[in-house]
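To keep things clear, I will list the structure first and then write my remarks on it.
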Amino acid sequence: MKLPRAFYDRPTLDVARDLVGKVLVHRRRGLTTSGAIVEVEAYIGESDPACHAAPGPTRRNAPLYGPPGFAYVYLNYGIHYLVNIVTEAERQPAAVLIRALEPVDGIEVMRRRRRRAMKGRRPLNGRSLNTHDLCRGPGNVTMAMGITLAQNEADLLGDELFIEDRGSEPGAIAWSKRIGIRVGIDRVWRAYMRDSTAVSGNEKALTRNAPRR
DNA sequence: CGTTCGATGCACT
DNA sequence: GTGCATCGAACGT
């Protein structure tokens, strides 16, 4: 069942927590890929220095100021697209970054896209791509799912990019500080499935847990 | 194990 | 011109 608009129109930390275990689906050119969300990070408001809304409204961050339940995709480091889910945008600009998935549908399509994205360099020293590595890390998520700027501002209630509740019981969820950022590192706004091997980050990032808030 | 570094594009000041 | 919500190879220990 596709998540309704009301799911996204809630406090961002609640949305982040509840997104873990849901299934992100992308249909593109007749190919369907999907994966269970196992790791997310919240970016909340202009007072969060790591949030793209920190400088106030700009051309790029406009989706953060729009209605909830839409995608915010941007190019990061000139190399990777990162996909966010806009939340309580009517109250304040905020979103949830999708950092890792456990692949479900279209696993061979994901493998192909990951390999194609590594053109020029020898992939993984010749080793093969494990399923739980296909969508491990926010750049890998978009690579494997085929998500680009074309999906920016996509309505998650549409049929191209959306999130489903498939009724599976989510495992234990843990919280930690956000990783890979240089400012706003104090906030404990990263939620992840504790026992999933598809979660990104090193041992330190995983053990640096703290209770929510 | 650990750290460093190159690839690469664009929003923002 | 600066700096980034990255990835993975290539090194050093």
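Residue numbering restarts at 1 for every chain, and letters A, B, ... go by the order of the sequence lines.
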>> Under 3.5 Å, is there any donor-acceptor pair linking the side chain of A:Asn61 to the base of B:dA11?
In response: no
> With A:Glu39, which of A:Ser196, A:Ser176, A:Ser200 fulfils side-chain hydrogen bond (donor to acceptor under 3.5 Å, both in side chains)?
Replying inline: A:Ser200
> Could you give the OH-to-C1' distance, from A:Tyr72 to B:dC10, as a whole number of Å?
Replying inline: 11 Å
> Of the options A:Leu161, A:Thr33, A:Leu19, which is the one that meets A:Leu24 in a side chain to side chain contact (heavy atoms under 4.5 Å, CB included)?
Replying inline: A:Leu161
> Taking CD1 from A:Ile179 and P from C:dA5, how many angstroms apart are they, rounded to a whole number?
Replying inline: 13 Å
> Taking only side-chain nitrogens and oxygens of A:Arg187, does any of them come within less than 4.0 Å of OP1 or OP2 of C:dA5?
Replying inline: no
> Counting side-chain heavy atoms from C-beta on, which of C:dA5, C:dC7, B:dA11 comes nearest to A:Pro138?
Replying inline: C:dC7
> A:Arg99 CZ to C:dA5 P: how many Å, rounded?
Replying inline: 11 Å
>> Please check this pair: side chain of A:Asp9 against backbone of A:Arg5, looking for a donor-acceptor N/O pair closer than 3.5 Å.
In response: no
> Tell me: CZ of A:Arg60 to P of B:dG9, nearest whole Å?
Replying inline: 16 Å
>> With a 3.5 Å distance limit and no angle check, can you tell me whether A:Arg111 reaches the backbone of A:Leu134 through a side-chain donor-acceptor pair?
In response: no
> What integer number of Å spans the C1' atoms of C:dG8 and B:dC10?
Replying inline: 23 Å
> Between A:Asn152 (CG) and B:dC10 (P), how many Å, whole number?
Replying inline: 14 Å
> So what does A:Gly139 touch, heavy atoms closer than 4.0 Å: a base, only the sugar-phosphate, or nothing?
Replying inline: sugar-phosphate
>> Just the rounded figure in Å: distance from C1' of C:dG3 to CD1 of A:Ile181.
In response: 15 Å
>> On the nucleotide C:dG3, are OP1 or OP2 found under 4.0 Å from the side-chain N or O atoms that A:Arg182 carries?
In response: no
> Counting side-chain heavy atoms from CB outward, which of C:dG8, C:dA5, B:dT13 is closest to A:Pro55?
Replying inline: B:dT13
> Is the charged tip of A:Arg10 near the ring of A:Phe7: under 6.0 Å from the six-membered ring centre and within 45° of its axis?
Replying inline: yes
> Among C:dT6, C:dC7, B:dT8, which is the nearest nucleotide to the side chain of A:Leu82?
Replying inline: C:dT6
>> Which nucleotide wins on minimum distance to the side chain of A:Ile79, given the candidates B:dT8, C:dC4, C:dC7?
In response: B:dT8
> How many Å lie between OH on A:Tyr81 and P on C:dA5, as a whole number?
Replying inline: 18 Å
>> To the nearest 0.5 Å, what is the distance between CG on A:Leu82 and CD1 on A:Ile147?
In response: 10.5 Å
> According to a strict under-4.0 Å criterion, is A:Arg190 in side-chain N/O contact with OP1 or OP2 of C:dA5?
Replying inline: no
> Are A:Tyr77 and B:dA7 stacked, counting the six-membered base ring, centres under 5.5 Å, planes under 30°?
Replying inline: no
>> Applying a 4.0 Å non-hydrogen cut-off, can you work out what A:Leu97 is touching in the nucleic acid: base, sugar-phosphate, or nothing?
In response: base
>> Using a heavy-atom cut-off of 4.0 Å across all strands, would you classify A:Asn84 as base, sugar-phosphate, or nothing?
In response: base
> How long is the line joining CG of A:Asn76 and P of C:dT2, in whole Å?
Replying inline: 19 Å
> Of A:His80 and A:Leu149, whose closest DNA chain B nucleotide lies nearer the 5' terminus?
Replying inline: A:His80
>> Let's test this: given Watson-Crick or G-U wobble pairing with both distances under 3.5 Å, identify the partner of C:dA5.
In response: none
